[in-house]
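Count residues from 1 along the sequence. Note that this is a predicted model, so its numbers are computed, not measured.
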Amino acid sequence: MSISKKEQTLLDKIQEVSLRRGFAYPTGEIYGGLSGTFDYGPLGTLMRHKLINFWREYFVKEENHFEISGAIILPEKVFKASGHVDKFNDPLVQCKKCKSMFRADKVIEDNLNQNTDGLALDELDKIIVKNKLTCPQCQGEFMDAREFNLMLKTEVGSLKGNVSYLRPETAQNIFTSFKRVSHAMRAKLPFGIAQVGKVFRNEISPRQFIIRVREFTQMELEVFFAEEQLNDPPRFEELADEVLPILTREQQDKTEEEPLLVTADDAVKKGILPNAAIAYYLVKEKIFFEEAGIKPELIRFRHMLPKETPHYSGGNFDLEVKLSIGWTEVVGNAFRQQHDLTSHEKASKTKMGIQHIAGNVIPYVVEPSIGVGRTMYCILESCYKETDDRDWTWFQFPSTISPYDVQVCPLMKKDGLEEKALEIFDDLKAEGLEAIFDSSGKIGKRYARSDEIGTPYCVTIDYDTLQDETVTIRDRDSMEQVRIHLDELTEALVLLLSGEYSFTEMDKILKEKNES
Ligand code: GAP
């Protein structure tokens, strides 16, 4: 039986429109797909580019950090030193009967709604046995839980035994590049090294569309500070009064869900955050996510509990977004202290210190690590709209993120309208706008298709255009239209897309102009 629109969850609806309009769909779909991998289609790819470019502008260029593009396959020694070979594990349970495998913690969470963060294997076994939890596929009993390493292992070259791994995070190339980059760029503390790239995790139970997958892209930043700079990071005063929603450990002990609202400055002064450097990046993330289309009330920073935090960390603060499936981690923020550079110095016998004022120091690290696919899903869910004013669903994407900036439509294909529209379409693209052309079907259907993929504006070419060189701009959000001369079209669109003018303001200016 097919699921009716009413019974569909929001996740189902987002997935359905994503497949149909080609945002993202299963890899090798015609062969049944590969669990935990997705291809991004034309719309998803445009959106990814915009998201990554926005991140690059805001987190890399604005901060004068350096960006690298490291290899995906890394030698085993890197991950021995980083601890991933020994510790990057999830607890796995296998069914005695059908041999299906599941994440032990997820089996418990799904069945008992009980948080299992940080529990040891024998503690998980006890809960499974006590509650008689069985295989979701065949109701068979489970074997004892065991550790399952999440890295994808491979051998490189023709010689056997040359073990390497597909990186499970982009961070490790950054640490192994630290010495080279700092020398090559004559970098002075504090500075950051950024990387965007593919990572791989052999998740036991990939699920929830692009939220938990085996191949995904991270946008990571490792920012290196001398110890005394941690409370005096550059430009902190610009953001010090911004309010951060932080769910403290005390609140979590009381099972509270709503975060404390505290300024970045106060969060540091009251010891809620370990230093101003981390506070600065949390504020930047909040602004970044809001500008990317996530509603402010859906964002919080959760102070990870001691059992969820690695021993070397001076504090982890996940940015979580409230999705229809619950609060979900989208950014891992960690104060990694000197752990990574010290571990690599020890294992590689390469000095990782950097000259700073009077001597050589191993820097402290603040790490904001953002998942691209998860961020995209959050934007899709946060911007998804079903409204009474239209019969179709639509996305209210900000122009920072919408796949297209503008759709160009001739009212009719005949009488030279299509040719004129194509000319305008080419001009807009040449001006750097991301434009799409649509000439098929009734104009109302084309507006609906445009709204459905979240394109902020439609430009329509009609018979008047041929007479007086004017076109209409239709606003996705209000569905209002305004008439404008072609000479002013690009400038008007650029101003609207940059947010400098709202559509109502533009409408007013143009109407006044037309009347005078
Ligand atoms: N270097 C730190 C690091 O990798 P993480 O918290 O393991 O930290 C960072 O990952 C982000 O990567 C997460 O907040 C999430 O957005 C994304 N991520 C992690 N595992 C994922 C998965 N299986 N599928 C999709 N995204 C994932």
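The side-chain tip of Lys284 points at the ring of Phe59 from less than 6.0 angstrom away and within 45° of straight on.
For the pair Asn173 (side chain) and Ala71 (backbone), a donor-acceptor distance under 3.5 Å is present. Under a 3.5 Å cut-off, the side chain of Glu242 and the backbone N or O of Leu239 do not form any donor-acceptor pair. Judged by distance alone, the side chain of Thr263 and the main-chain N or O of Asp241 form no donor-acceptor pair under 3.5 Å.
Remark: the Arg302 side chain and the Gln252 side chain contain an N/O donor-acceptor pair separated by less than 3.5 Å. For the residue pair Ser69/Gln195, the side-chain donor-acceptor check at 3.5 Å is not satisfied.
A side-chain hydrogen bond (donor to acceptor under 3.5 Å, both in side chains) check over residues 427-437, counting only residues at least two apart or in different chains, returns nothing. For residues 287-300, the set of pairs meeting the side-chain hydrogen bond (donor to acceptor under 3.5 Å, both in side chains) definition, not counting sequence neighbours, comprises Lys286-Glu290, Arg300-Glu320.
Evaluation of the side-chain contact (heavy atoms from CB on, under 4.5 Å) rule for Ser18 yields Ile14, Phe23, Phe209, Leu380 as partners, not counting sequence neighbours. Residues satisfying the side-chain contact (heavy atoms from CB on, under 4.5 Å) test with Thr504, not counting sequence neighbours, are Ser502. Tyr501 meets the ring pair (Phe, Tyr, Trp, His ring centres under 6.0 Å) test with no other residue; sequence neighbours excluded. For Phe437, the ring pair (Phe, Tyr, Trp, His ring centres under 6.0 Å) partners at least two apart in sequence or on another chain are Phe425.
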